[in-house]
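Since the structure comes first, as structure tokens, the remarks are kept for the end.
To find a chain, count down the sequence lines: A is the first, B the second, and so on, and within it residues start at 1. Since we're looking at a predicted model, the values are computed, not measured. Side chains included, hydrogens not; waters and symmetry mates left out as well; all remaining heavy atoms used.
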Protein chains: 2
Amino acid sequence: MEFDPDLEIRPASGSRVTTFTRGEDLFHAGEAGLAWRIRSGVVRLDRLGETGREFGGLALAGDVLGAETLLLGQYSFSARALTDVFIEPWASSPEAATPHMLLQALSSSKERQADSLALRSGTPEHRISQLLAVMGRGLAHGQRIARVVLPQLRDIAEMTGLTVETVSRTISRLNRSGSLELGGTLRAKQVSIDLQSSLLT
Amino acid sequence: MEFDPDLEIRPASGSRVTTFTRGEDLFHAGEAGLAWRIRSGVVRLDRLGETGREFGGLALAGDVLGAETLLLGQYSFSARALTDVFIEPWASSPEAATPHMLLQALSSSKERQADSLALRSGTPEHRISQLLAVMGRGLAHGQRIARVVLPQLRDIAEMTGLTVETVSRTISRLNRSGSLELGGTLRAKQVSIDLQSSLLT
DNA sequence: CGACGAGTTGAAGGCAGTCAATGCTTGTGG
DNA sequence: CCACAAGCATTGACTGCCTTCAACTCGTCG
């Protein structure tokens, strides 16, 4: 709906791809740089607020990062990789961006805005399921079961507006109740989720 | 920063302006229609979620509404006026939208995304002050004291993720403590806020 | 007048936050 | 190689705040 499922596997001609690993920063607010398009992965955006960095949005495969540099000459947000991320340059100049590209970016930006807000609605169970579902959609298109590498609990807590302790307790509870399946090492814990689970309704 | 302070008082040549009053719906998700630019006022966007309409974002003076119609042929969100609102047609076709216009829309969309998320962070006092501050910025540019017509408590509650009761209690408390000044009739209650108040830090 | 919607206020309970202690893993320096 | 520190996650106990449920007021409109 909001993006083409094939986008992240169809290479753009002659474009160079940059890679980031989970936890790495892609760029910081205030810096100058290019605009990027996410080939695959999930990125967290932060605005420098009064109390340090505060969550400012999500970006998934197909979304555009840092389009504001074409207008302002610098990034307005900091970007951090929640999963391993592949990005490619998007448009080097305002003229290089076609109306269609821009409209698509604008449209999916609004979708992502609603997604981000949903992370702060409802019970802790609902919020975390929502986050994992969004990340799953950004990683495994069309599949029913998605395997997601958990971000750090601190990241989850900041995005959902909960505390680390509550996040930890909630994930344990979801795991015990079978809504979730934990795997992987303790450092890079993986989660299998059912994207059609009743938790997301 | 994110929009020109003069935008809403400089009439575009030959464009027609449409008016909506507080509480009115501008359009609904799924309908076909134009893309609009807000001349003045504050608009709430909603996505149809599992449990009816759920808050999906804010839009202020200078922001673009319904740009996705140019791409998808229909609105993705419903729009409701939180204050009296004036809007004008923005771009009738994808070709009519210049890269500069689109980049500006994209940039402010991201700003607004962070603003919307801030409405769901922190204590009830902080959330409501944040909302009133954002609305004040959208109405009274550059002034220190802004006079804002309060949205319905139900709207405030849904946007901040609180209950109407908590919103009512919080506003009363802010009023008693002097952070806020209530005025106007009970139906269209007005609020004077100090945009540089310590509450917003 | 009576019904309805919107807002206010009170009382009680639940649930998330806070504080604290522990375990696990990784990295560092003796 | 071992001891130690630091970061992250987990678990427990307790407090406090927001939600929930309820009753009531006020204003508007039929």
Side-chain angles (χ1 to χ4, degrees), chain A residues 21-25 44 51-52 54-55 80-83 119-132 148-177 180-191 199, chain B residues 21-25 44 51-52 55 80-83 119-132 148-177 180-191:
Chain A
T21 60
R22 189 180 80 124
E24 228 177 328
D25 285 339
R44 166 189 166 180
T51 58
E54 59 186 24
F55 181 50
R80 169 186 292 188
L82 291 179
T83 67
L119 300 183
R120 303 211 159 196
S121 297
T123 64
E125 276 87 353
H126 186 262
R127 298 185 187 197
I128 291 175
S129 304
Q130 205 77 25
L131 172 65
L132 297 177
V148 175
V149 176
L150 268 189
Q152 291 192 357
L153 294 203
R154 184 165 46 91
D155 281 322
I156 302 182
E158 287 172 12
M159 290 189 285
T160 54
L162 303 169
T163 61
V164 244
E165 293 94 331
T166 302
V167 171
S168 175
R169 280 186 253 262
T170 304
I171 291 179
S172 303
R173 202 176 324 132
L174 289 174
N175 184 35
R176 277 196 299 274
S177 75
L180 214 65
E181 198 176 337
L182 288 175
T185 74
L186 199 141
R187 276 290 184 179
K189 194 163 286 189
Q190 287 189 355
V191 168
L199 265 175
Chain B
T21 61
R22 188 179 81 124
E24 231 178 324
D25 285 340
R44 166 189 167 181
T51 58
F55 181 50
R80 170 186 293 188
L82 291 179
T83 67
L119 299 184
R120 303 212 159 195
S121 297
T123 65
E125 275 86 355
H126 183 80
R127 298 185 188 197
I128 291 175
S129 303
Q130 205 77 24
L131 172 65
L132 296 178
V148 175
V149 176
L150 268 189
Q152 292 193 355
L153 295 202
R154 183 166 47 92
D155 281 321
I156 301 181
E158 286 172 14
M159 291 189 285
T160 54
L162 304 168
T163 61
V164 260
E165 293 92 331
T166 302
V167 171
S168 175
R169 281 186 253 263
T170 304
I171 291 180
S172 303
R173 204 177 323 132
L174 289 174
N175 184 36
R176 277 196 298 275
S177 75
L180 215 67
E181 196 177 337
L182 288 175
T185 73
L186 200 141
R187 275 291 185 177
K189 194 164 288 190
Q190 286 190 356
V191 168

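Nucleic acid contact for B/Thr123: none, since no nucleic acid atom lies under 4.0 Å from a heavy atom of the residue. No engagement by A/Gly23 is indicated, since no non-hydrogen atom pair under 4.0 Å with the nucleic acid exists.
Within the 3.5 Å criterion, the main-chain N or O of A/Asp155 finds no donor-acceptor partner in the side chain of A/Glu158. For the pair B/Ser168 (side chain) and B/Val164 (backbone), a donor-acceptor distance under 3.5 Å is absent. For B/Thr160 (side chain) and B/Ile156 (main-chain N/O), a donor-acceptor pair under 3.5 Å exists by modelled atom type.
In this structure, CZ of B/Arg120 is placed 16 Å from P of C/dA16, rounded to the nearest angstrom. One atom, CG of A/Leu153, and another, P of D/dT11, lie 11 Å apart when rounded to the nearest Å. If you measure from atom CD of A/Glu158 to atom P of C/dG17, you get 13 Å, rounded to the nearest angstrom. The CZ-P distance, from A/Arg173 to C/dA16, rounds to 7 Å in whole Å. Here D/dC17 presents its P atom at 18 Å from CG of A/Leu162, a figure rounded to the nearest Å. Remark: C1' of C/dT9 and CZ of B/Arg176 are 10 Å apart, rounded to the nearest angstrom. One interatomic measurement links the two molecules: CZ of A/Arg22 to P of D/dC8, which rounds to 11 Å at whole-angstrom precision. Separating the CG atom of B/Leu174 from the P atom of C/dT8 is a distance of 12 Å, rounded to the nearest angstrom.
Summarising the geometry, atom OG1 belonging to A/Thr170 is positioned 5.5 Å from atom CD belonging to A/Glu125; distances are rounded to the nearest 0.5 Å. Here the CG atom belonging to A/Leu131 is positioned 11.5 Å from the CZ atom belonging to A/Arg120, to the nearest 0.5 angstrom. Expressed to the nearest 0.5 Å, how far CG of B/Leu174 lies from CD of B/Glu181 amounts to 13.0 Å.
Listed in residue order, the members of residues 163-171 of chain A having a heavy atom less than 4.0 Å from DNA chain D are A/Glu165, A/Ser168, A/Arg169.
Put simply, the side chain of A/Val191 does not reach to within 4.5 Å of the side chain of A/Asn175, judged on heavy atoms. By the 4.5 Å heavy-atom criterion applied to side chains, B/Ile171 and B/Leu153 are counted as neighbours. Counting heavy atoms from C-beta on, the side chains of A/Leu82 and A/Arg44 come closer than 4.5 Å.
Counting only heavy atoms from C-beta on, B/Gln152 has its side chain closest to C/dA6 among C/dA6, C/dA16, D/dC8.
Two end axes, each from the C1' atoms of five base pairs, can be drawn for the helix from C/dC1-D/dG30 to C/dG30-D/dC1; they diverge by 30°, to 10 degrees.
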